[in-house]
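Structure first, commentary second.
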Protein chains: 2
Amino acid sequence: MARQKIKIRRIDNIAARQVTFSKRRRGLLKKAQELAILCDADVALIIFSATGKLFDYSSSSMQELLGKYKLHSNINNLDKVEEPLLDLQLHESDETRMGKELLDKNLELSQLRGEDLQGLTLEELQRLETLLEGGLHRVRRTKDERITNMIASLEQKLITLNSNGKRPRTSTTGECDNMVINPEDHGQSSDSVICSCNSLEDDCSDTSLKLALPFN
Amino acid sequence: MARQKIKIRRIDNIAARQVTFSKRRRGLLKKAQELAILCDADVALIIFSATGKLFDYSSSSMQELLGKYKLHSNINNLDKVEEPLLDLQLHESDETRMGKELLDKNLELSQLRGEDLQGLTLEELQRLETLLEGGLHRVRRTKDERITNMIASLEQKLITLNSNGKRPRTSTTGECDNMVINPEDHGQSSDSVICSCNSLEDDCSDTSLKLALPFN
DNA sequence: ACCTCTATGTATAAAAG
DNA sequence: TCTTTTATACATAGAGG
């Protein structure tokens, strides 16, 4: 597609494969969403990376959509591997293993929240900081995308509203279904969300655009 | 996208919508397949047209893939009536409850890392951002305390070293036991940790003190 | 991993058959 | 609805941080 056309065959170079995976995954998710919105279709997309990581999109409830799929397909049990479960000792060890894992996860969660940090070494704190910075950055980027879409959708609605002189139908864009554009009551919502749009900058830029969107 | 750029919103004209659906559906299915082949990923795509027609693609067995999906998601019953699974209710209530909790924790963890954010609402993203900011702030504060103590301890050792002309005993401050103050080999460590000391300000101050402490 | 940049390959909107 | 055509928008390979 760019410097060179590629053959559709497995990319051997692992790094290149990973990069391509990231790019194409995004593209595919975007196009799935566009199809759903443009054509009023119900779309579900499930992607497992080669390393087993899950990415998914669903234009509506994934659960409902998969349920609907089951009706149209011959698949009637997704639990085809119902292990006979040689109970007792297996059960016992499973349960304690899971309990330990739970404790681990809980500790990890509280440390990400900034609690229970005393036992950590400086390197571990450093790692935690980097992790949090990355997470914060990605959360902000996602939020910004969301807001950008909302603003675009809002503008579109206002334009429609002005040119039609009447209320548009309930949104079908899928982006803004929870935003109320209603001349009779908008602006009265007591709840608002402060949105800092700064993901494109580093997390330290306070040139961030601050918005308070009425929300409900 | 040709003669004109289109907005991503529902296409009102039914005929045009249908045409676009055909074209984009094919494109999407093709790209899903390409992703699966190029990147060795496992991909499932399910599309219901507005009229309820089903189109799907799966890079491997749809059944297996959806089964795998169930393990990664919190969806455990695609049927309204999940069969009690002729198993004993003890098993069901204990192990799966823990399994669910684990899945929850895992989801929460990946969201804190900034992954799997697509399903979240703006408010949830906002909450996540605030949580991460708080966590980052506390981690940085803890790290700064640690560094401050280390520096103080280091200085103390150097003073002792200079005035005594010999090595001090192993530190008793408890803060720096893992730092080597050894004239014969210090400075040869290839590892160092970059430390940003900025927790006293808000996380957005980049007046942070940057240090590179030799570390081992 | 993730971003940016750019050249180029692809997808597709619109029109016409 | 499907095909073809064409102009244009979009996606992305490859390279470099």
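Hydrogens, waters and symmetry mates play no part in the numbers below; they use all other heavy atoms, side chains included. All of these numbers come straight from a predicted model, not from anything done at the bench.
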Once side-chain contact (heavy atoms from CB on, under 4.5 Å) is applied, do any residues pair with [X], and if so which ones, sequence neighbours excluded?
{"X": "T130(B)", "result": "Q126(B)"}
{"X": "L65(A)", "result": "D42(A), A44(A), S58(A), S59(A), S60(A), I46(B), F48(B)"}
{"X": "A16(A)", "result": "I11(A), N13(A)"}

Enclosure of I14(B) CD1 (heavy-atom neighbours >12, cutoff 6.0 Å) = no
Using whole Å, report how far [atom1] of [X] lies from [atom2] of [N].
{"X": "R24(A)", "N": "dG9(C)", "atom1": "CZ", "atom2": "C1'", "answer": "10 Å"}
{"X": "Q33(A)", "N": "dC10(D)", "atom1": "CD", "atom2": "P", "answer": "15 Å"}
{"X": "F21(B)", "N": "dA14(C)", "atom1": "CZ", "atom2": "C1'", "answer": "20 Å"}
{"X": "R9(A)", "N": "dA13(D)", "atom1": "CZ", "atom2": "P", "answer": "15 Å"}
{"X": "R141(A)", "N": "dT4(C)", "atom1": "CZ", "atom2": "C1'", "answer": "13 Å"}
{"X": "R25(B)", "N": "dT12(C)", "atom1": "CZ", "atom2": "P", "answer": "12 Å"}
{"X": "Q18(B)", "N": "dC2(D)", "atom1": "CD", "atom2": "C1'", "answer": "12 Å"}
{"X": "R26(B)", "N": "dC2(D)", "atom1": "CZ", "atom2": "P", "answer": "8 Å"}

Phosphate-side-chain proximity, S22(B) and dC2(D), N/O vs OP1/OP2 below 4.0 Å:
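Result: yes.
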Close N/O contacts between protein and nucleotides 14-17 of chain D (under 3.5 Å):
residue, atom, partner, partner atom, Å
dG14(D), OP1, Q4(A), NE2, 3.3
dG14(D), N7, K23(A), NZ, 3.4
dG14(D), O6, K23(A), NZ, 3.0
dG14(D), N2, R3(A), NH2, 3.0

- Is E108(B) salt-bridged to R113(B), going by a charged N under 4.0 Å from an acidic O? no
Against the side chain of K30(B), the closest entry in dT12(D), dA11(C), dC2(C) is dA11(C)
Check your understanding: Within the distance-only criterion (no hydrogens, no angle test), does the side chain of T20(A) pair as donor or acceptor with the backbone N or O of R17(A) below 3.5 angstrom?
Key -> no
Minimal heavy-atom distance between L117(A) and V139(B), with the atoms involved, is CD1-CA, 3.7 Å
Bend angle of the helix from dC2(C)-dG17(D) to dG17(C)-dC2(D), end axes from five pairs each (to 10°):
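About 40° separates the two local helix axes.
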Q) Can you list every salt bridge (charged side-chain N to carboxylate O under 4.0 Å, His left out) pair that touches residues 44-54 of chain B, not counting sequence neighbours? A)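 Non-adjacent pairs meeting salt bridge (charged side-chain N to carboxylate O under 4.0 Å, His left out): zero.
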Point to revise | Sole residue of R24(A), R9(A), K31(A) in salt bridge (Lys or Arg N to Asp or Glu O under 4.0 Å) with E34(B) | key: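 Of R24(A), R9(A), K31(A), salt bridge (Lys or Arg N to Asp or Glu O under 4.0 Å) with E34(B) is met by R24(A) alone.
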